[in-house]
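Structure record follows, encoded as structure tokens.
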Amino acid sequence: MRRGISLDALAWPADRLTEALHLLARTSGLNPRTAEAASGPPAADPETAGRWIEAVTAAMGLEAEPVETPYAEVESMIRKASPVVLCIVKHGESRFLALAGHAGRRKVLALDLDGRLRCVPVGIARDALCHDLEARVAPEVDRLLEEAGVPERRRPRARAAILAERLGQVRVGGGWLLDLPPDGSLWREARRARLPRYAGWVVGAHALQHILLLLSWWMLGYGVFAGRLDWGWLLAWTLLLLTVAPFRALELWCAGVLTTRAGSLLKRRLMTGVLRLEPEEIRHQGAGQLLGRVLSSDALESLLLTGGHVGLISLVEIVLAFPILAAGTAGWPHALLLLAWVVLALLLCRCYYLARRAWTEARLGMTHDLVEKMVGHRTRLAQQEAGLWHEREDRDLEDYLRLSSAMDRRAALLKIAIPRGWLIASLAAIAPAFVSGRASAASLAVSLGGMLFAYKSFWKLVRGLSDLTEAAISWHQVEPIFRASRRGDAGASPLLALTNGSKAPVDDAAEAPVVLEGHELVYRYGERTGAALSGCSLTIRPGERLLLEGPSGGGKSTLASLLVGLRVPESGLLLLQGLDRHSLGAEGWHRRAVAAPQFQENHVL
């Protein structure tokens with residue numbers, strides 16, 4: 001950055017904001033689509049500007065999330081949030097700063113009007129964002145400092161301290177964080193979070209650790225057998241062992257970052273799926289089933305990430321053990337035995353998976369029934385004979401015990417037979433050469449070292465496979481939520497919706513503009529033959545209040561859910577501000593039409 005750069009060289013005018021958003025997204029690696037600017041620049045009102053930015057970024061295939069933070073944490077937010085757009089309102093005119101990320105402790109990267117990245121102090125962006133807020137109390141603070149006789153050289157620090165005290169908890173908005181939409185490509189989001197890179201570093205660092213360990217013990221063994229064990233060899237052995245420490249630290253750090261980012265990505269996708277579930281997908285489920293899904297989603301994250309990490313490093317160790325065994329006494333047959341044992345472990349893991357899945361389904365079924373009976377225990381006492389209260393529980397418990405025994409047997413076979421069976425099979429492979437005396441001491445040492453190395457790896461492999469098995473079972477409970485997160489607004493036109501929403505009302509006293517209108521609406525629940533709503537037409541204008549009356553099951557709630565966009569009509573035409581759902585999209589419709597449903601429609605757990 002050249003010294004003395006002014007804010008005017010960084011602040012983008014409203015009519016060039018589309019260009020700034022596109023450049024910022026492309027610079028940050030978000031790969032935006034090309035979008036035409038909406039008619040009319042955003043107004044000085046932050047709410048209107050926010051809707052405009054959200055519509056433009058949606059047209060680019062991205063998401064703009066509003067950012068709000070206390071006054072005392074504005075500087076921290078600017079350093080950590082990237083890429084972010086800040087709205088600066090000065091003299092009734094909106095200008096925008098496009099920040100691409102931090103560039104040091106107190107500097108950030110900003111796009112200038114020529115599209116180049118400039119390294120600027122955080123204070124420039126902070127002062128510009130808080131200018132209007134500070135201007136409200138600045139005259140009073142300056143007058144106070146002057147009356148108190150504070151020297152000129154100390155006034156900036158004193159002024160900043162008083163402003164921080166006065167405005168510390170006031171919320172400051174006007175920022176929008178650009179990111180990929182939660183319903184986009186999962187691989188694209190993983191690349192954006194650099195998950196493949198961190199996974200590669202974990203594997204590489206772990207492999208280098210064991211290569212160094214194997215090399216160090218080879219040097220020690222060679223020195224012993226060759227009779228050359230002196231201080232130089234011991235020093236080299238010690239240095240190789242010490243070199244393992246930084247690679248171990250690198251592996252742990254990368255694994256922590258990988259776990260945190262992958263968990264955040266998974267939680268975001270699941271939360272999006274929960275919000276996009278249709279009422280019919282969950283209204284028939286009881287509290288026990290919903291509770292089971294919540295527990296499964298929590299278990300999925302920990303088991304998948306833990307099991308994936310342990311399983312991956314165990315496979316790396318087995319790959320390293322392969323050439324060691326091939327160089328030992330038994331040669332290639334011993335190495336091929338290692339591959340056969342890995343295949344056997346995978347087959348036993350599948351058997352364990354089937355048993356564990358059946359046991360989990362039984363356990364979740366019992367949990368569901370227990371919760372439902374706790375909720376409706378009064379009805380049960382009143383309507384069911386006392387002799388039948390525990391008949392089903394006893395039958396379920398018998399099935400549960402049978403499935404538990406089957407699962408325990410397979411778990412013991414997997415966790416004990418694989419590692420310890422490998423030792424027995426390996427000893428049998430090298431026994432002929434040992435008994436006949438044809439094997440040298442060095443080759444026997446190599447075979448024993450590779451055998452013990454693989455033995456340790458099999459313990460890790462079994463543990464990783466067990467966690468991955470449980471994660472796969474949890475996935476069956478969470479999969480519907482994950483699939484629901486992909487339901488985007490395929491045909492939505494956010495710029496068209498924005499243009500329509502910003503139109504001025506018609507100046508006609510005789511006839512007010514139509515807010516919402518429906519023509520011949522038809523809706524049918526699932527596979528029912530009869531329509532819950534048929535041939536319904538209505539028109540709603542500003543200020544009107546409507547009362548729906550009718551018998552239970554007459555279609556009142558169905559019509560209300562159609563109007564607010566919770567359901568889509570099977571046929572007919574439904575327009576909101578002159579646009580259909582295809583044009584507005586689900587989010588655009590929900591932003592303009594809202595509802596406060598009755599209790600049984602609020603599925604919040």
Side-chain angles (χ1 to χ4, degrees), residues 12-28 30-69 77-78 81-89 94-100 111 129 171-184 188-189 192 268-269 271-272 275-276 485-503 564-565 576-594:
W12 290 76
D15 55 358
R16 294 186 61 189
L17 182 54
T18 302
E19 178 187 355
L21 291 171
H22 191 274
L23 285 173
L24 179 61
R26 190 176 61 185
T27 303
S28 304
L30 296 177
N31 299 322
R33 297 194 301 260
T34 303
E36 298 294 335
S39 60
D45 178 22
E47 183 178 353
T48 305
R51 288 199 301 267
W52 194 90
I53 291 176
E54 291 172 7
V56 172
T57 52
M60 294 178 181
L62 305 176
E63 181 184 55
E65 179 184 356
V67 178
E68 188 179 86
T69 186
M77 181 272 292
I78 293 175
S82 65
V84 66
V85 177
L86 303 180
C87 179
I88 305 167
V89 181
S94 295
R95 310 269 300 196
F96 298 88
L97 292 179
L99 306 181
L111 279 174
L129 185 62
R171 308 293 294 185
V172 179
W176 294 269
L177 183 66
L178 304 188
D179 203 352
L180 295 171
D183 57 354
R188 188 182 175 192
E189 292 188 41
R192 164 71 176 165
R268 184 186 183 211
R269 185 60 68 103
M271 178 60 70
T272 303
L275 296 177
R276 291 183 177 177
S485 67
R486 301 175 183 173
R487 301 172 186 170
D489 301 334
S493 177
L495 294 182
L496 177 61
L498 175 69
T499 304
N500 177 270
S502 61
K503 286 182 179 179
V564 298
L576 178 59
Q577 296 179 341
L579 295 175
D580 60 4
R581 184 186 175 97
H582 181 80
S583 300
L584 288 175
E587 294 184 4
W589 194 285
H590 294 159
R591 189 180 294 114
R592 292 165 173 79
V594 297

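Remember, predicted model here, so these are calculated numbers, not experimental data.
With hydrogens and angles disregarded, a donor-acceptor distance shorter than 3.5 Å links the side chain of Arg171 to the backbone of Glu68. Checked by atom type and distance alone, the side chain of Arg188 pairs as donor or acceptor with a backbone atom of Asn31 at under 3.5 Å. The backbone N or O of Ala25 sits nowhere less than 3.5 Å from a side-chain atom of Ser28 that would complete a donor-acceptor pair.
Note that the CD1 atom of Ile88 and the CG atom of Leu97 stand 3.5 Å from one another [nearest 0.5 Å]. Within the model, atoms CE of Met60 and OG1 of Thr18 stand 6.0 Å from one another, a figure rounded to the nearest 0.5 Å. Taking CG from Leu17 and CH2 from Trp52, the interatomic distance works out to 4.5 Å, rounded to the nearest 0.5 Å. Here the CG-OG1 distance, from Leu99 to Thr27, works out to 12.0 Å after rounding to the nearest 0.5 Å. Atom OG of Ser82 sits about 10.0 Å away from atom CG of Leu178, to the nearest 0.5 Å. A distance of 5.5 Å separates CD of Glu189 from CZ of Arg268, quoted to the nearest 0.5 Å.
With a 4.5 Å cut-off on side-chain heavy atoms, Leu62 and Leu21 do not count as touching. Residues Leu30 and Pro83 are in side-chain contact: their nearest non-hydrogen atoms beyond the backbone lie under 4.5 Å apart. A heavy-atom distance below 4.5 Å is not found between the side chains of His22 and Val56. Using a 4.5 Å heavy-atom threshold, the side chains of Trp12 and Leu24 count as separate. Counting heavy atoms from C-beta outward, Val594 and Val564 have side chains that stay 4.5 Å or more apart.
In terms of heavy atoms, Trp176 sits closest to Pro66 at CD1-CA, 3.8 Å.
With respect to the salt-bridge test (charged N to carboxylate O, under 4.0 angstrom), the residues Arg192 and Glu63 do not qualify.
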Please evaluate residues Leu129 and Met77 with respect to the criterion side chain to side chain contact (heavy atoms under 4.5 Å, CB included), reporting the C-alpha separation (whole Å), side-chain torsions for both, the decisive distance (0.1 Å), and the verdict. CA-CA 12 Å; Leu129 185 62; Met77 181 272 292; 4.2 Å; yes
Test side chain to side chain contact (heavy atoms under 4.5 Å, CB included) on Phe96 and Leu111; report intermediate values, then the result. CA-CA 10 Å; Phe96 298 88; Leu111 279 174; over 6 Å; no
